[in-house]
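Reviewing the structure listed below.
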Amino acid sequence: MGFSDTVLEIFGLGIGSLIGLVLGFFLFIYSEPKKVKDPAIRPLHELEKSNLEDILAEIPLWIKCPDYDRVDWLNKFVWDMWPYLDKAICSTIRSMAQPIFAEYIGQYHIEAIEFDELSLGTLPPIVYGLKVCETNENELVMEPAFRWAGNPNIVLVLKLLSLRIKIQLVDLQVFAAPRITLKPLVPTFPCFANIVVSLLEKPHVDFGMNILGGDIMSIPGLYRFIQETIKKQVAGLYLWPRTLEIPILDASTAAIKKPVGILQVKVVRALKLLRMDFLGTSDPYVKLSLTEDRLPAKKTTIKMKSLNPEWNEKFKLIVKDPHSQGLELQVYDWDKVGRHDRLGMQLIPLQVLTPGETKEFVLDLVKNTNLNDPQNKKRRGQLVVELTYVPFKLDSVTSNGPGGGYGKTESGISRSSDSGETPDEAGLLSVMIVGAEEVEGEHHNNPYALLCFKGEEKKTKVIKKSRNPNWNEDFQFTLDEPPLHEKIHIEVLSKSRALSFRAKESLGYVEINLNDVVHNGRMNQKYHLIDSKNGQLHVELSWTKA
């Protein structure tokens, strides 16, 4: 009985399973599924106000604005790279802050300003969306939107009247929407020469500040004042069209724009300027500079106690791109103590000028370039200027003759040209100090080059511990007439890195006669350094007629 029962149970299990599979198959095929209701979808404007406020803050920018892309991969990349980015950014901050701090040394009894601690912490910024803009220029434009709620450790030490005051920045939060431009694009890694950063709107900055162990931001009214001051200062420096330019590649490897003309500026007069002094007057002067140019600004003389000054002073500025550059004019009130107050400014695009024609402008001075700023409606006076753009002649730079090639001269003075031609046009003299070879000092070897021409001195950067420095730095001079009987004096010096009685040491010099440069247009030569055993200096010179 036991064996037969077991066989029957196995047989019945197999038959039952088979019948169940067949019935289940027919029910699955021929039965109608129940309809699933779609989830209720409601537009945002139909939500209650409280629910809407909770949701909007969390919606990423790539959902709000279709032009922005989701970049989670970038946030992961920044997270992994942050320890190294922290060190690199802090090093850049130190180098940029050093000359700024140096301006205040000696003022207001300040003895020293330095960073005691400088770290951006362990929390990187988060990018909530990235927009890439297309332009016709040789550049790449990106507009990220990021938030940074970090834990930086930034301690600044201020030495004031023999006191050592520590200022600590805590609980830093930054919300910003910058425009980052990589330009110009070049065929050398990382394929761009400069990073240009500007802000599309005023950033949100929130932080605490501890001085002598107490948080001064808790003082009533001070928190809001500091917040607004920082926003205005940052916006005044970097709000578009103002930019911060960070060089990445050396000028020798990047496609740097060459000069294409000269802008002649005559600052005539100013009318009805603001009263800044106690007695109801001002001491105005004007600063002139071209946008996209890192050369120092030119200045007029100071007219003491005048609201309607007359200057009639002429200046010449080197133009590299008349289609994108503009002339920035800033009128300041000179002060004997402290910073000079800006009375107003104005910007003139060079593309409004007709080459070779003089045009007079009567400019209404404004507070800044932000057209929506209500302070620009305040009357700040007028500035009268005359502008003339003179482009260079296309055939002014030639490479014919012995000066156009690459060679050497045995003495420090080059040969004069045999040509009797004496051009009489104004123009631009460019001096490219490429580098030096086999320069050696007796006490140290940190060479740099000092250029002297017509009483003006310019110098290259210092190359530490090198006998074969490469500078590749270009210096330019606008002249009213060809420098036919002029010489350029270039001396290679070494600067000691430590305190020493021999802080500077001469490694040799050359004097270059400019006759050949004027007649040939260009020279590219190596010169043996006088007072040097084997040293040579590589210089490229060009004369461009206006």
Side-chain angles (χ1 to χ4, degrees), residues 60-79 81-82 85 88-89 92-93 96 124-148 174-205 231 234-251 253-258 260 289-295 319-328 347-352 368-373:
L61 192 60
W62 54 269
I63 293 179
K64 297 177 185 178
C65 304
D67 291 339
Y68 282 79
D69 297 323
R70 183 176 181 177
V71 285
D72 291 343
W73 63 270
L74 180 58
N75 291 321
K76 179 63 168 62
F77 174 82
V78 173
W79 179 272
M81 287 288 293
W82 186 245
L85 291 173
I89 294 173
T92 303
I93 292 175
M96 293 178 62
I126 298 176
V127 181
Y128 283 82
L130 177 66
K131 178 181 178 182
V132 178
C133 305
E134 294 184 1
T135 68
N136 294 329
E137 302 295 329
N138 186 27
E139 61 187 14
L140 176 62
V141 181
M142 299 177 292
E143 295 180 0
F146 74 90
R147 298 179 183 178
W148 182 32
V174 180
F175 300 165
R179 171 176 289 173
I180 302 175
T181 304
L182 310 179
K183 70 174 187 180
L185 302 180
V186 295
T188 303
F189 188 83
C191 300
F192 56 89
N194 301 288
I195 299 177
V196 182
V197 182
S198 60
L199 296 174
L200 299 179
E201 58 186 21
K202 290 184 178 181
H204 170 76
V205 182
K231 287 183 181 180
V234 174
L237 291 173
Y238 305 122
L239 191 65
W240 191 90
R242 298 182 181 275
T243 60
L244 169 65
E245 185 170 346
I246 305 171
I248 301 299
L249 291 181
D250 188 78
T253 59
I256 303 299
K257 291 182 178 179
K258 296 296 183 180
V260 296
S289 61
L290 289 174
T291 58
E292 303 180 13
D293 199 345
R294 292 181 291 177
L295 295 175
V319 179
K320 295 183 179 179
D321 190 346
H323 302 290
S324 63
Q325 286 186 290
L327 174 65
E328 187 175 74
L347 186 69
I348 306 176
L350 299 188
Q351 59 184 0
V352 303
N368 51 53
T369 55
N370 183 9
L371 300 179
N372 298 322
D373 192 339

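Source: prediction; values computed, not measured.
- Side-chain atoms of Thr291 come within 3.5 Å of backbone atoms of Gly326 as a donor-acceptor pair (strictly under, hydrogens ignored).
- Between atom CG of residue Leu347 and atom CG of residue Asn368 there is a gap of 12.0 Å, rounded to the nearest 0.5 Å.
- Interatomic distance, NZ of Lys131 versus CG of Leu200, reported as 9.0 Å (0.5 Å rounding).
- Leu74 meets the side-chain contact (heavy atoms from CB on, under 4.5 Å) test with Val71, Phe77, Val78, Val127; sequence neighbours excluded.
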Given the rule in the side-chain contact (heavy atoms from CB on, under 4.5 Å) test, do Val141 and Val132 qualify, once you have shown the distances and angles that lead to the verdict? CA-CA 6 Å; Val141 181; Val132 178; over 6 Å; no

Show your working on side-chain contact (heavy atoms from CB on, under 4.5 Å) between Lys320 and Gln325 and close with a plain yes or no. CA-CA 8 Å; Lys320 295 183 179 179; Gln325 286 186 290; 3.9 Å; yes

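- From Arg179, atom CZ reaches atom CG of Leu199 across 11.0 Å, with rounding to the nearest 0.5 Å.
- To the nearest 0.5 Å, the span separating SG on Cys133 from CG on Leu140 amounts to 9.0 Å.
- A distance of 9.5 Å separates CD1 of Ile246 from CG of Asn194, quoted to the nearest 0.5 Å.
- The side chain to side chain donor-acceptor pair (under 3.5 Å) search around Glu328 returns Gln330, not counting sequence neighbours.
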Dump the intermediate steps for side-chain contact (heavy atoms from CB on, under 4.5 Å) on Leu182 and Met142, then the final yes or no. CA-CA 8 Å; Leu182 310 179; Met142 299 177 292; 4.2 Å; yes

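- Atom CG of Leu130 and atom CZ of Phe146 lie 12.5 Å apart (nearest 0.5 Å).
- Residues Ile180 and Pro144 have side chains in contact (heavy-atom distance under 4.5 Å, counting atoms from C-beta outward).
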